[in-house]
Amino acid sequence: METYRHDVAGDPVTVHVPQTRADLDAFRAWLTEAERRGPIALDTETTGLDVYSPGYRLRTVQFGDAFTAWVIPWERGPAFQSAARAALRRVPRFLIHNAPFDWAVLDAHAGVPLESLAPRTTDTRLKAGLLDPRQPQEGGIGTGLKPLSAYWVDPSAPDTQGDLTQVFRSLGLTKATGWAAIPLSNAIFALYAGLDVIYTARLDPVLTRELDRLGVRPTLVQYEHELARICTTMQRAGMVLDQDYVRELSASLTDEEHHFADVARRYGVENVNAPRQIAEALTGMGEHLGERTASGAVKVDKAVLSALADLSLQGERLHLRTPNPLAEAVIRSKRAGKWRSAYADTFLEVMDAQGRVHPFINSMQARTGRMSVTRPALQTLPSSDQMIRRALLADPGHVMISVDFSAIEMRVLAGLAGVARMKEGFLRGEDIHWFTARLVKGDGATEKDRKVFKGAGFSKVYGGGVRTAARQTGASEEAMRRAFAEYDRLYPEIKRASARWQREAFESGMVTVSATGRRLPLDRDRTYAVVNYQCQSAARDCLGQALLNIEDAGLLDMLKLPIHDEALLSAPREEAQDVARAVEKAMTFDLFGVPIVAEAEIGGRSWGSLYGADY
DNA sequence: TCCCTCACG
DNA sequence: ACGTACGTGAGGGAC
């Protein structure tokens, strides 16, 4: 047995690394005692983060309580694996920090299904996020094990991940190669692997106590665990990549990038991604660049360049001036380069041996609880045309179905703020912006009026002002000022709710509590954001409820992605109509007297087919 | 690591 | 006192 000793919050703790069969017997004996006393903390060390990439390996599985950790060297062979697997299958309660990662690892590489592990798991990261969802950059503790341990357990908790980077360097390894190559016998690696479970074990009771103290309901904690499981199920299924298409796409984008970079070079711009060079060259061509960035640099973003190129933001010719050829070349080269590297090449890089991509879905990422998707960031693929989304396919024999909530944030606002006349509009099944426009302008209301009141409505949801709303809609500031006044007259409850939410936040440590009991910290200098936080968060929980309803309808296996106000599914072609109707039903419910409704669109095999012609 | 830019809801 | 568009992930340059 290799044994390491350490001090955690003044207590001596022990980390064991079994080497022999007798050592494994000692582990089993400890586990039998420990699982009787309470939940067992669990963690894994692996070769990296891309769980589904070819060659990925599980290296160790760690079990522990507040005083003792066992680092089981999975990769050392069958005896170690069966001891770990038996423990994984038997222990009634596990504590995991960031459970979706370990669920995915153990499901894919240890033969312990997500369906078995998830119901036995408490995720300390989810609990910490419900206490305070802010990242360190936003003034929060963050949801990493290290900062949480340092805050709640022991201020001298080591940065186990960061310190290991140093160890990797001393061994001639890097952050990228270290996790796969470091010997299991490395003392710091083994000690830190063990300490992580000890910290997790100590974190959980503190977080439970704090959640209880602040009145966060256990049902909310449970709900988040269900959503995390559903999102990990989607990640495991992944999406089929059209590899031939992506390879051709990557090549053609490379051509476009280079062609327009050559054009830019003729005007003296060596690098189209260097704003300073572009500003200099354009100024040299006699262009006047008036706009500045926040830090005072000359602004040369797409809006500035498009105007010079005589193009709208959508790329249509405006016929307002002589197009500046450099501006157009920069726009096109940059766009092609970004689409290639961020999308096409990333798809190929992260796909598994079967040609599927498995995006990581963080079920509770944003301050408002909104979900995020990374590697690849499938929530932010270009939607202006189907070029990128065309690369992702429904399962074999399936078609893509997208089901969107209709005007979810406006409905949520009407419900949360109790906006009587707005509720009335929704109950009548009307388009809310037409409804508003007609309340003000009567039957003579025009498309333009609708646009102005839509802008006013968005401003309410985002906490925006007259000037921004005018800029966004293209209306004059005077017209927008009148629209705001009409809005406040028709729907006075919104201002009242905003004032109430801000007052309540001031009285409770700058935290506004959402309709589902979620704690949403407000920034002291922008309390107006409270309306947005309430709306965005409640809308997120509508999507969360929809995902639970979709699972209850037996359609979890068809789910592909959550996209804020949309569920994306892949369904057998001949069942598509039935599935679409069932998902619409799962996304239809009442929220404080406001009907929440959704509309399905059935596409073809590719996701892109929902954004243009079918393929 | 920060800043700028740009993709989405 | 007044007014403030919200939330993300990612690439690439400059330091």
Side-chain angles (χ1 to χ4, degrees), chain A residues 133-135 137-138 257 270-279 291-306 313 330-331 333-343 345-346 349-350 359-362 364-385 387-389 402 404-405 407-409 412-413 455-473 480-481 484 498 502 520 522-537 539-540 543 561-568 611:
Chain A
R134 290 174 301 173
Q135 298 303 310
Q137 310 89 286
E138 302 174 306
E257 179 185 358
E270 286 302 312
N271 185 340
V272 294
N273 285 309
R276 233 170 49 191
Q277 279 183 32
I278 299 163
E291 287 194 70
R292 303 277 158 161
T293 68
S295 61
V298 177
K299 198 171 193 177
V300 281
D301 66 5
K302 203 166 102 172
V304 172
L305 293 175
S306 297
L313 285 175
V330 169
I331 292 171
S333 179
K334 270 176 74 175
R335 193 180 100 137
K338 169 158 183 181
W339 286 23
R340 178 190 53 73
S341 67
Y343 307 128
D345 290 356
T346 305
E349 192 189 313
V350 302
F360 177 67
I361 304 168
N362 189 331
M364 204 181 76
Q365 166 64 22
R367 193 190 292 213
T368 54
R370 261 197 177 185
M371 301 179 181
S372 82
V373 175
T374 57
R375 293 192 67 84
L378 296 188
Q379 284 180 326
T380 61
L381 302 187
S383 59
S384 54
D385 61 46
M387 186 190 287
I388 301 297
R389 293 182 198 232
S402 155
D404 283 43
F405 281 126
I408 183 71
E409 290 194 334
V412 160
L413 175 62
F458 267 62
S459 293
K460 293 298 170 192
V461 169
Y462 287 136
V466 167
R467 194 185 304 169
T468 321
R471 204 182 324 128
Q472 289 294 324
T473 56
M480 200 42 88
R481 207 177 338 271
F484 270 52
S498 176
Q502 293 189 53
L520 311 172
L522 271 185
D523 296 333
R524 202 165 283 282
D525 53 345
R526 39 202 285 279
T527 56
Y528 64 90
V530 75
V531 177
N532 182 259
Y533 286 11
Q534 285 285 343
C535 292
Q536 194 181 101
S537 190
R540 181 277 188 185
L543 184 68
L561 273 184
I563 316 178
H564 307 310
D565 66 345
E566 171 190 356
L568 184 72
Y611 295 78

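Throughout, protein chains are lettered first and strands after them, A, B, ... in sequence-line order, and every chain is numbered starting at 1.
The distance between atom NZ of Lys334(A) and atom P of dC6(B), rounded to the nearest whole Å, is 4 Å. Atom CZ in Arg467(A) sits about 7 Å away from atom P in dT4(C), given to the nearest Å. The distance between atom CG of Leu378(A) and atom C1' of dA7(B), rounded to the nearest whole Å, is 12 Å. Distance CG (Asp523(A)) to C1' (dT4(C)): 12 Å, rounded to an integer number of Å. One can place CZ of Phe458(A) at 14 Å from C1' of dG7(C), the figure rounded to the nearest angstrom. When rounded to the nearest whole Å, the span between CG of Leu522(A) and P of dT4(C) equals 18 Å. dG9(B) atom P lies 10 Å from atom OH of Tyr462(A), rounded to whole Å. Between Asp565(A) atom CG and dC8(B) atom P the separation is 14 Å, expressed in whole Å.
Residues forming a side-chain hydrogen bond (donor to acceptor under 3.5 Å, both in side chains) with Gln365(A) (at least two apart in sequence, or on another chain): Asn362(A). A search for side-chain hydrogen bond (donor to acceptor under 3.5 Å, both in side chains) contacts involving Arg340(A) returns Glu257(A), Asp345(A), not counting sequence neighbours. Under the rule for a side chain to side chain contact (heavy atoms under 4.5 Å, CB included), the partners of Thr380(A) that lie at least two apart in sequence or sit in another chain are Ala377(A). Under the side chain to side chain contact (heavy atoms under 4.5 Å, CB included) criterion, Leu543(A) pairs with Phe405(A), Pro562(A), not counting sequence neighbours. Scored by the side-chain hydrogen bond (donor to acceptor under 3.5 Å, both in side chains) test, Ser459(A) finds no partners at all (sequence neighbours excluded). The side chain to side chain contact (heavy atoms under 4.5 Å, CB included) check on Asp523(A) picks up Arg367(A), Asp525(A), Arg526(A), Tyr533(A), with sequence neighbours excluded. Residues forming a side chain to side chain contact (heavy atoms under 4.5 Å, CB included) with Gln277(A) (at least two apart in sequence, or on another chain): Val269(A), Glu270(A), Asn271(A), Ala274(A). Residues passing the side-chain hydrogen bond (donor to acceptor under 3.5 Å, both in side chains) test with Gln534(A) are Thr512(A), sequence neighbours excluded.
Residue pairs meeting the salt bridge (charged side-chain N to carboxylate O under 4.0 Å, His left out) criterion with at least one member in residues 462-471 of chain A, sequence neighbours excluded, do not occur.
The stretch residues 526-534 of chain A touches DNA chain C through Arg526(A), Tyr528(A), Asn532(A), Tyr533(A), each having a heavy atom under 4.0 angstrom from the strand.
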Quiz item: Tell me, for nucleotides 8-15 of chain C in 5' to 3' order, what letter each nucleotide earns: B for a base near a protein heavy atom under 4.0 Å, S for only sugar-phosphate near one, - for neither?
Solution: SBSSSSSS
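Using a 4.0 Å heavy-atom criterion, one finds that Gln536(A) contacts the bases of the nucleic acid, with or without backbone contacts as well. Residue-level contact check: Leu381(A) touches the backbone only, with heavy atoms under 4.0 Å from sugar-phosphate atoms and none from bases.
For Arg481(A), the CZ atom counts as densely surrounded, since its 6.0 Å shell holds more than 12 non-hydrogen atoms of other residues, nucleotides or ligands.
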Quiz item: How does DNA chain C look in dot-bracket notation if pairs are Watson-Crick or G-U with both distances under 3.5 Å, crossing ones as [ ], other-strand ones as |?
Solution: .....|||||||||.
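Relative to the side chain of Asp301(A), the nucleotides dG9(B), dA7(B), dC6(B) differ in distance, and dC6(B) lies closest. The side chain of Lys302(A) sits closest to dC6(B) out of dC6(B), dA5(C), dG9(B).
At a threshold of 4.5 Å between non-hydrogen side-chain atoms, the residues Arg375(A) and Thr346(A) do not count as touching.
Summarising the geometry of Tyr462(A) relative to Tyr528(A), their closest heavy-atom pair is O-CE1, 4.5 Å, with the distance given to 0.1 Å.
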